[in-house]
Amino acid sequence: MSSNPVAETVASLMPRAKAELTELVAFKSVADFDQFPKSQSEGAAKWVAEALRDEGFQDVALLDTPDGTQSVYGFLPGPAGAKTVLLYAHYDVQPPLDETAWVSPPFELTERDGRWYGRGSADCKGGVVMHLLALRALKANGGVPVNVKVIAEGSEEQGTGGLERYAEQHPELLTADAIVIGDAGNFRVGLPTVTSTLRGMTLVRVKVDTLAGNLHSGQFGGAAPDALGALIRVLDSLRAEDGSTTVDGLTGDARWEGLRYEEEQFRKDAKVLDGVELIGSGAVADRIWARPAVTVLGIDCPPVVGATPSVQAGARALVSLRVPPGVDAAEAAKLLQAHLEAHTPWGARVSTEQIGQGQAFRADTTSPAYAAMAEAMSVAYPGQEMQYAGQGGSIPLCNTLASLYPQAEILLIGLSEPEAQIHAVNESVSPEELERLSVAEALFLRNYAAS
């Protein structure tokens with residue numbers, strides 16, 4: 001990184017950043033209170049609130065959102081007449097999954113091979129620390145030249161929409177000229193990237209029932225309808241032979257215009273096993289950024305260990321459907337539910353329930369904020385030009401903010417590059433990326449103030 005006062009300040013703050021991320025990662029802030037204590041999420045929220053107060057933020061508040069979680073808000077006033085920038089991150093995290101598969105404990109930040117490992121280190125507690133670093137660097141080098149609002153969400157990973165509903169009920173709270181969503185990531189380490197599109201998503205539970213109760217598979221198997229078998233058949237109907245998503249009424253032939261994603265690089269990033277084919281057709285970028293994608297997230301059925309020789313009377317699954325910009329998530333959910341119901345075999349009883357939804361998002365990359373970010377990225381990443389990529393994941397709040405504040409310019413950056421393995425075991429963050437993106441965000445705020 002080329003030498004400049006902001007970069008030098010961020011570099012000097014990295015030991016403090018590691019200590020703070022260690023504290024924040026230690027909170028088991030999974031916003032599923034059937035699995036993890038609510039007190040852990042509340043503790044993380046209080047940590048963020050205290051960090052904002054320490055930086056001079058005013059009006060710091062823990063916002064009780066309609067889904068039973070808390071979002072943290074604060075306002076840092078800038079010079080008179082200055083523009084206002086909203087910085088977003090979330091402090092809630094995905095469950096750690098199989099903790100025995102982690103090389104180091106998921107809620108203990110651990111340095112290994114030049115990366116910091118821990119649940120939420122990249123997604124998105126690292127984003128909270130990134131915002132703090134950027135603001136500290138500016139304060140040490142002439143001051144923060146814009147008004148800054150920070151919002152840290154408490155249930156982004158659950159898709160339950162608490163902050164979205166709260167923002168709709170209090171539209172004045174998050175008004176801003178520009179919004180930086182710190183929950184995306186570079187295309188790869190060292191390549192500065194803004195995310196210009198996000199796929200939307202819907203979550204649907206499907207339940208299949210065939211019998212009044214389980215039956216002996218020897219006595220009744222072969223004629224008694226197997227609910228688990230019926231569920232497997234209906235789930236299989238969601239994919240073509242090549243693995244492409246096939247939901248009745250949902251098109252899947254769009255193409256991505258922009259950054260290419262080579263298949264070999266994708267295989268490496270996704271850690272696809274040797275000999276295993278990629279699914280779908282078209283370019284990789286088409287498949288993951290421009291087309292719908294269905295995933296079976298879980299199935300309720302007997303585990304292998306302890307299973308009995310029984311014909312199953314009932315079974316259910318949780319299905320995720322990602323949809324690209326231009327496709328309404330609510331309509332896609334209806335199509336998915338209709339497909340599941342139409343393809344359930346043998347006259348089995350089937351019920352579906354939508355439990356989560358987020359709309360797709362497309363940014364206006366021609367806005368002044370993008371020019372300011374491109375200039376900042378070129379300094380933070382010498383010799384690199386800012387790239388535009390899609391993101392297969394969803395950030396439902398983006399569309400809410402775009403709807404509430406149509407004049408606001410929305411940018412998505414963050415620490416979730418492929419090596420971070422967000423949502424998987426052994427999630428990690430690159431401290432070099434944390435440092436460079438903090439510099440970029442600080443310089444963006446300065447550039448945007450002058451634009």
Exercise for the section: List the steps, then state whether side chain to side chain contact (heavy atoms under 4.5 Å, CB included) holds for S121 with L109. Expected result: CA-CA 8 Å; S121 56; L109 194 72; 4.0 Å; yes

Handout entry: Minimum side-chain heavy-atom gap V148-F57 below 4.5 Å
Key = yes

Practice task
Kindly check if the number of other-residue, nucleotide or ligand heavy atoms within 6.0 Å of CZ (R188) is above 12?
Solution key: no

Problem - No-hydrogen, no-angle side-chain donor-acceptor test under 3.5 Å, Q354 and K334 - result: no

Problem - Heavy-atom side-chain proximity of S237 to H339 below 4.5 angstrom - result: yes

Practice task
Please indicate whether Q407 has more than 12 foreign heavy atoms, meaning atoms of other residues, nucleotides or ligands, lying under 6.0 Å from its CD.
Solution key: yes

Handout entry: Side-chain ion pair, R287 and E263, N-O less than 4.0 Å
Key = yes

Exercise for the section: Please check if any side-chain donor atom of Y117 sits under 3.5 Å from a side-chain acceptor atom of E427, or the reverse. Expected result: no

Practice task
Please report the shortest heavy-atom distance between L62 and A49, naming the atom on each side.
Solution key: CD2-CB, 4.0 Å

Return all side-chain donor-acceptor pairs below 3.5 angstrom for residues 410-418, not counting sequence neighbours, or 'none' if the list is empty.
from	atom 1	to	atom 2	distance (Å)
E417	OE1	E419	N	2.8
E417	OE2	R115	NH1	3.3
E417	OE2	R115	NH2	2.7

Problem - Beyond-backbone contact of T197 with W256, side-chain heavy atoms, under 4.5 angstrom - result: yes

Practice task
Look at the side chain of N214 and the backbone N and O of A313, then say whether any donor-acceptor pair between them is shorter than 3.5 Å.
Solution key: yes

Problem - Aromatic ring proximity Y261/F187, centre distance under 6.0 Å - result: yes

Problem - Within 6.0 Å of NZ in K149, more than 12 heavy atoms from elsewhere - result: yes

Handout entry: Side-chain donor-acceptor contact under 3.5 Å, T160 with Q158
Key = no

Problem - Short side-chain donor-acceptor distance under 3.5 Å, D123 and H90 - result: yes

Fill in the blank from the handout: Between A254 and A290, the two heavy atoms sitting closest are CB-O, 3.3 Å

Problem - Pairwise side-chain contact, R267 with V284, heavy-atom cut-off 4.5 Å (strictly under) - result: no

Handout entry: Chi angles and distances behind the side chain to side chain contact (heavy atoms under 4.5 Å, CB included) call for E168, T400
Key = CA-CA 8 Å; E168 290 166 351; T400 300; 4.0 Å; yes

Problem - Distance (rounded to the nearest 0.5 Å) between T344 OG1 and K207 NZ - result: 12.5 Å

Practice task
Begin from the C-alpha positions of Q70 and K46 and carry the test side chain to side chain donor-acceptor pair (under 3.5 Å) through to its verdict.
Solution key: CA-CA 10 Å; Q70 293 178 319; K46 291 176 182 175; over 6 Å; no

Practice task
Keeping the roles fixed (side chain from H170, backbone from L173), state whether a donor-acceptor pair exists under 3.5 Å.
Solution key: no

Exercise for the section: Decide whether Y381 and E433 meet the rule of one side-chain donor and one side-chain acceptor closer than 3.5 Å. Expected result: yes

Problem - D92 backbone acceptor or donor facing E157 side chain under 3.5 Å - result: no

Problem - Rounded distance (nearest 0.5 Å) linking atom OH of Y370 with atom OG1 of T365 - result: 6.5 Å

Handout entry: Test salt bridge (Lys or Arg N to Asp or Glu O under 4.0 Å) applied to K18 and E435, step by step
Key = CA-CA 11 Å; K18 183 181 181 183; E435 182 175 343; over 6 Å; no

Completion exercise
Output for pair (M377 CE, E441 CD), nearest 0.5 Å, gives 9.5 Å

Handout entry: Spacing of L250 atom CG and L321 atom CG [to the nearest 0.5 Å]
Key = 6.0 Å

Handout entry: Check: W102 and P96 side chains under 4.5 Å, non-hydrogen atoms
Key = yes

Handout entry: Whether over 12 other heavy atoms sit under 6.0 Å from R255 CZ
Key = no

Handout entry: Over 12 non-hydrogen atoms of neighbours within 6.0 angstrom of CD in Q169
Key = yes

Practice task
Measure the shortest side-chain to side-chain distance between L133 and L434 over non-hydrogen atoms and say whether it is less than 4.5 angstrom.
Solution key: yes

Problem - L336 vs L238 side-chain heavy atoms within contact, under 4.5 Å - result: yes

Practice task
Indicate the atoms forming the closest heavy-atom contact of Q94 with R119, along with that distance.
Solution key: O-NE, 3.1 Å

Exercise for the section: Could you check D328 against V323 for side chain to side chain contact (heavy atoms under 4.5 Å, CB included), going step by step and ending with a plain yes or no? Expected result: CA-CA 8 Å; D328 181 75; V323 294; over 6 Å; no

Practice task
Measure across A224 and L215 and return the closest heavy-atom pair with its distance rounded to 0.1 Å.
Solution key: CB-CD1, 3.9 Å

Exercise for the section: Report yes or no: does D59 contribute a side-chain atom to a donor-acceptor pair with the main-chain N or O of F75 at less than 3.5 Å? Expected result: no

Problem - Backbone of E108 reached by a side-chain donor or acceptor of T110 within 3.5 Å - result: yes

Exercise for the section: Kindly compute the distance separating OG (S351) from CD (E341), expressed to the nearest 0.5 Å. Expected result: 8.5 Å

Handout entry: Donor-acceptor under 3.5 Å (D54 side chain, A51 main chain)
Key = no

Handout entry: Polar side-chain atom of T193 near backbone of L191 as donor-acceptor pair, under 3.5 Å
Key = yes

Practice task
Would you kindly say whether T195 and Q391 are connected by a side-chain donor-acceptor distance under 3.5 Å?
Solution key: no

Sequence neighbours excluded and cut-off under 3.5 Å, please list the side-chain donor-acceptor pairs for residues 294-308, or say none.
from	atom 1	to	atom 2	distance (Å)
D300	OD2	R316	NE	2.5
D300	OD2	R316	NH2	3.2
T308	OG1	S310	OG	2.9

Exercise for the section: Measure from the side-chain N and O atoms of T210 to the backbone N and O of P225, and report whether any donor-acceptor pair falls under 3.5 Å. Expected result: yes

Fill in the blank from the handout: On a heavy-atom basis, the closest approach of L24 and K125 is O-NZ, 2.8 Å

Exercise for the section: Applying side chain to side chain contact (heavy atoms under 4.5 Å, CB included), run through V208 and R349 and close with a yes or a no. Expected result: CA-CA 6 Å; V208 176; R349 296 181 183 178; over 6 Å; no

Problem - Short side-chain donor-acceptor distance under 3.5 Å, S244 and D242 - result: yes

Problem - Side-chain touch L163/Y88, heavy atoms, less than 4.5 angstrom - result: yes

Practice task
Assess whether atom CZ of R112 is packed by more than 12 heavy atoms of other residues, nucleotides or ligands within 6.0 Å.
Solution key: yes

Handout entry: Atom pair SG/CZ of C398 and R362 - distance to nearest 0.5 Å
Key = 13.5 Å

Practice task
Looking only at non-hydrogen atoms, find the nearest pair between R322 and S320 and report the distance.
Solution key: NE-OG, 3.9 Å

Problem - With T69, the side-chain hydrogen bond (donor to acceptor under 3.5 Å, both in side chains) member among S41, S29, S155 - result: S155

Exercise for the section: For R199 and R291, indicate whether the former's side chain and the latter's backbone hold a donor-acceptor pair under 3.5 Å. Expected result: yes

